[in-house]
Amino acid sequence: MDMTVAKKKLGLKEKYKLLTRDLGWEPTYHNKDEVFPYVKYEGIKVHDWEKWEDPFRLTMDAYWKYQAEKERKFYAIIDAHAQNNGHLNITDARYLSALKIFLQAISPGEYCAGKGFARMGREFPGVGTQVACQMQAIDEIRHAQTQIHALSNYNKFYNGFHAFADARDRMWYCTLPRSFFDDAMSAGPFEFMIAIGFSFEYVLTNLLFVPFMSGAAYNGDMATVTFGFSAQSDEARHMTLGLECIKFMLEQDPDNLPIVQNWIDKWFWRGFRLLGVVGTMMDYMLPKRVMSWREAFEIYGIENGGALFKDLARYGIRPPKGWDDAGKALDHMTHQFMLALYQYQFGTAFHSWIPSEEDMAWLSKKYPTTFDKYYRPRWEHIKKLKEAGTPYANMGLAKLCQTCQIPTVFTEPDDPTTLCHREVEYKGETYHFCSDGCQHIFEKEPEKYIQGWLPLAAIFQAPLNGDLGAWMEWVSLADGKDNGDFAGSEDQRNFEAWRNQATSNQ
Amino acid sequence: MSYQLTIEPLGQTVEVEEGQTILDAALRAGIYLPHACCHGLCATCKVQVVDGEIDHGEASNFALMDFEREEGKCLACCATAQDDLVIEAEIEEDPDAENLPVRDFDGVVSRIETLTPTIKGLWIKLDDPDGMRFQAGQYVNLELPGGIGSRAFSIASQPSAGEVELNVRIVPGGQGTGYIHEQMQAGDRVRITGPYGRFFVKKSARVPVLFMAGGSGLSSPRSMILDLLEEGFDLPITLVYGQRNREELYYHEAFLELAAKHPNFTYVPALSHEPEGSAWEGFRGFVHEAAKAHFDNDFRGCKAYLCGPPLMIESCIATLMQGRLFERDIYTEKFISAADAQQVRSPLFRSI
Ligand SMILES: Cc1cc2nc3c(=O)[nH]c(=O)nc-3n(C[C@H](O)[C@H](O)[C@H](O)COP(=O)(O)OP(=O)(O)OC[C@H]3O[C@@H](n4cnc5c(N)ncnc54)[C@H](O)[C@@H]3O)c2cc1C
Ligand code: FES
Ligand SMILES: [Fe+2]
Ligand SMILES: [Fe+2]
């Protein structure tokens with residue numbers, strides 16, 4: 001074991017330094033504040049950018065090599081999936097609804113994250129930060145692309161996939177993630193890092209990818225499993241970037257603490273609301289389920305979040321303001337959201353359905369204190385109406401939350417039988433909120449949120465003027481194909497017919 | 001069946017059991033390797049295998065590419081040894097580590113003294129006339145007879161002292177410490193193995209040092225302070241030292257004397273449960289409170305070394321951080337085994 005000779009090759013640390021140092025020049029004919037105009041206005045004080053740690057020290061040449069290899073692997077697998085009619089291997093066509101929601105609501109978020117990081121790579125003065133943001137920008141665009149490509153194979157056969165980009169902008173349930181990302185992208189660079197790095201990557205990504213990927217594996221969807229693995233291989237780098245940013249802000253100056261605390265409060269709540277979509281998908285839309293949303297949140301939210309907040313307490317950060325309300329919502333949120341999706345199912349670009357007996361038995365086992373008491377009776381009622389030939393549809397429009405932009409369908413934290421609704425008057429206008437959390441966010445920056453665009457309101461405005469058919473066209477929803485109940489849908493019929501063809505001799 | 005795992009550039013060798021991952025073996029031996037997911041997904045723990053055969057375990061194809069497997073890379077969190085191994089990891093070399101070899105030393109207990117009602121001092125004279133080379137702050141494993149096995153104790157004496165001194169607090173119901181307190185006699189032959197640990201003063205940083213010690217955690221700081229003063233370290237040294245009551249505050253007089261003799265050494269004793277109205281005129285309260293008061297909540301510019309029970313360490317870390325001293329300047333020795341320490345992984349910190 002004589003290795004003294006080989007020892008002089010450059011360590012990663014030195015190599016990284018050499019490969020990044022030329023980005024760090026001092027401007028001579030402009031002052032630094034003009035070159036980096038947005039880095040101070042949020043109030044974050046930085047004394048020494050060198051203290052920003054980038055533990056990965058990935059150099060660009062190595063980065064390209066890895067990502068290229070990941071892409072080659074990924075496309076080989078999804079090509080095979082397409083050639084072998086992989087879409088017929090899924091458990092059941094109901095599973096497609098989960099994919100449609102993912103594509104309409106989550107993949108565009110990856111793209112937004114990419115745009116955001118491209119901007120942050122320009123706006124942060126620190127060299128390590130610039131390089132890390134640049135890589136993450138490319139990663140996120142890659143995530144969006146691989147997801148779209150993986151799911152485009154389903155688009156060849158099924159409804160509801162074709163207009164995900166329009167849905168992202170205009171669909172009412174997509175406004176939840178859209179407003180999350182728009183809020184983040186229009187924030188300053190440090191807040192963006194908390195929104196994406198802390199809230200989206202640290203608190204949400206595990207909840208999103210781990211159960212979703214295992215859900216995909218359980219339900220026979222190898223294309224999704226593959227994009228999941230491919231994206232996960234970047235996540236450790238992403239989380240680290242976000243968490244290093246929090247550490248950096250807290251260590252640079254004591255005045256940063258209240259600002260960071262406020263962002264943690266805000267983005268925890270925004271993230272928790274966003275998870276409503278994911279949770280509902282997990283509890284209601286996977287024909288074969290891995291774990292309930294509640295169980296997933298206990299593992300990835302409470303345990304991981306708890307560990308992080310314990311660490312942050314050393315800096316004087318307390319757990320996010322909405323933490324207790326989130327805990328109270330755990331046993332209710334997905335049921336309330338699914339009921340909302342069902343009753344507006346004429347306006348969703350995926351199918352929903354009344355849970356079967358077997359589904360309901362599972363739900364009452366997973367939610368023993370709430371499902372039978374509050375939600376089973378409603379499903380039974382809805383079922384009766386449907387059997388009587390008068391299926392329930394809510395043709396009214398619920399108030400929309402000015403912050404998270406979804407209809408106010410959730411209940412009071414301490415009373416699951418009363419809808420939670422808050423109002424604030426600002427400059428002579430009344431604004432509505434779904435929760436204390438969303439109201440507080442608005443009150444801290446009203447001038448930002450009054451500019452929010454709530455696309456559902458368009459249905460009453462010119463040129464739609466209340467015409468539901470015109471609205472459907474506007475959101476690119478093919479009536480009778482993309483929307484409505486799963487039972488009797490084209491997706492259901494086609495999947496069954498094709499699967500029969502593939503598995504029998506007829 | 002176990003194998004030898006050598007970790008470069010430290011040059012340290014640890015045991016790895018059949019089926020145990022490289023990461024686990026390193027962490028348990030107190031060597032930090034970068035890691036995150038621990039499931040072969042994120043590639044944070046990638047290391048180079050220089051010599052020996054490994055099994056890649058569950059390493060994901062996206063986290064460890066084929067070309068990397070061919071280059072001899074592996075994911076430490078999944079890879080297991082099939083052979084004695086040499087790996088090279090991205091570990092920053094520590095200019096203050098002497099990387100002294102671990103050896104077995106036989107010796108004889110030359111005396112045992114009762115330092116407090118719960119702590120005994122134990123002096124061991126080694127057979128080897130050159131004694132044991134160690135860095136002040138390191139610890140040894142003391143082998144105990146009758147199938148008890150070995151127990152870890154920090155060395156309380158400085159490297160130049162002729163004998164190895166250990167200060168052992170009795171653990172209620174503890175086999176090992178019970179044996180030392182109740183049965184061990186002067187004249188007994190013993191074997192120690194060491195030196196272990198990476199808890200020593202970062203002398204090369206040339207900044208003031210702060211020691212925070214509580215309970216039986218005085219040993220390392222005492223050794224480090226004696227060593228620093230002996231070699232003429234001229235920057236400020238502060239010892240904040242806490243016990244429950246005056247009876248437990250061992251070596252108090254000795255530290256008062258040192259402080260009188262060395263103007264750069266400040267001694268801040270603190271008692272948390274001293275009966276009210278006693279003759280004690282020093283600080284009443286916990287170590288972290290005494291430190292905060294003494295430093296007026298501003299710890300910037302120094303390096304802090306903490307040694308004591310987990311609760312004390314935790315409060316001291318929070319106090320230091322809120323007084324603006326952060327992980328890169330805080331060093332701890334926790335008196336728990338590496339196995340316990342690994343149960344909750346910190347998302348933000350590596351070593352504190
Ligand atoms: C690096 C290192 C340095 C150490 N230095 C010293 C030292 O200088 N002086 C000293 O007195 N001790 C020191 N310790 C602690 C010492 O090793 C333990 O107290 C000892 O191993 C206990 O052995 P035992 O056989 O008496 O107890 P065991 O029979 O092993 O355990 C009895 C019970 O006590 C609990 N227990 C064991 N150790 C501890 C502990 N440390 N804290 C709380 N509960 C415990 C066990 O979980 C068990 O329930 C050090 C430990 C480490 C890891
Ligand atoms: S720690 Fe993530 S791959 Fe090993
Ligand atoms: Fe992503
Ligand atoms: Fe809201």
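Only a predicted model underlies this, so the values are computations on that prediction, with no experimental measurement involved. Only heavy atoms go into these numbers, but all of them, side chains included; no hydrogens, no water, no symmetry mates. Letters go in sequence order (proteins before strands), and every chain restarts at 1.
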Please lay out, stage by stage, how A:F74 and A:F229 fare under the test ring pair (Phe, Tyr, Trp, His ring centres under 6.0 Å).
-> CA-CA 9 Å; A:F74 170 77; A:F229 271 119; over 10 Å; no

So, are B:K202 and B:D94 salt-bridged, with charged N and O less than 4.0 Å apart?
-> yes

Side chain, backbone, both or neither: which part of A:Y202 has an atom under 4.5 Å from a heavy atom of chain B?
-> side chain

Lys/Arg-Asp/Glu bridge criterion (N-O < 4.0 Å) met for B:K292, B:E289 | no

Below 4.0 angstrom, N of the basic side chain to O of the carboxylate: do A:D139 and A:R237 qualify?
-> yes

Among A:E69, A:E235, A:M239, A:Q232, single out the residue with the greatest number of heavy-atom pairs under 4.5 Å to chain B.
-> A:E69

Salt bridge between A:R314 and B:E314, side-chain N to carboxylate O under 4.0 Å?
-> yes

Name the region of A:D234, side chain, backbone, both or neither, that has any atom closer than 4.5 Å to a heavy atom of chain B.
-> neither

Taking only heavy atoms into account, what residues of residues 64-71 of chain B are found under 4.5 Å from chain A?
-> B:M65, B:D66, B:F67, B:E68, B:E71

Could you tell me whether A:K51 and A:E251 make a salt bridge, using a distance below 4.0 angstrom between a side-chain N and a carboxylate O?
-> no

A:K247 with B:E327: basic N within carboxylate O range, under 4.0 Å | yes

Sidechain N-carboxylate O distance under 4.0 Å for B:K203, B:D96 = no

Region of A:Q252 in contact with chain B, defined by heavy-atom distances below 4.5 Å = backbone

Under 4.5 Å from any heavy atom of chain B - which part of A:L250 = backbone

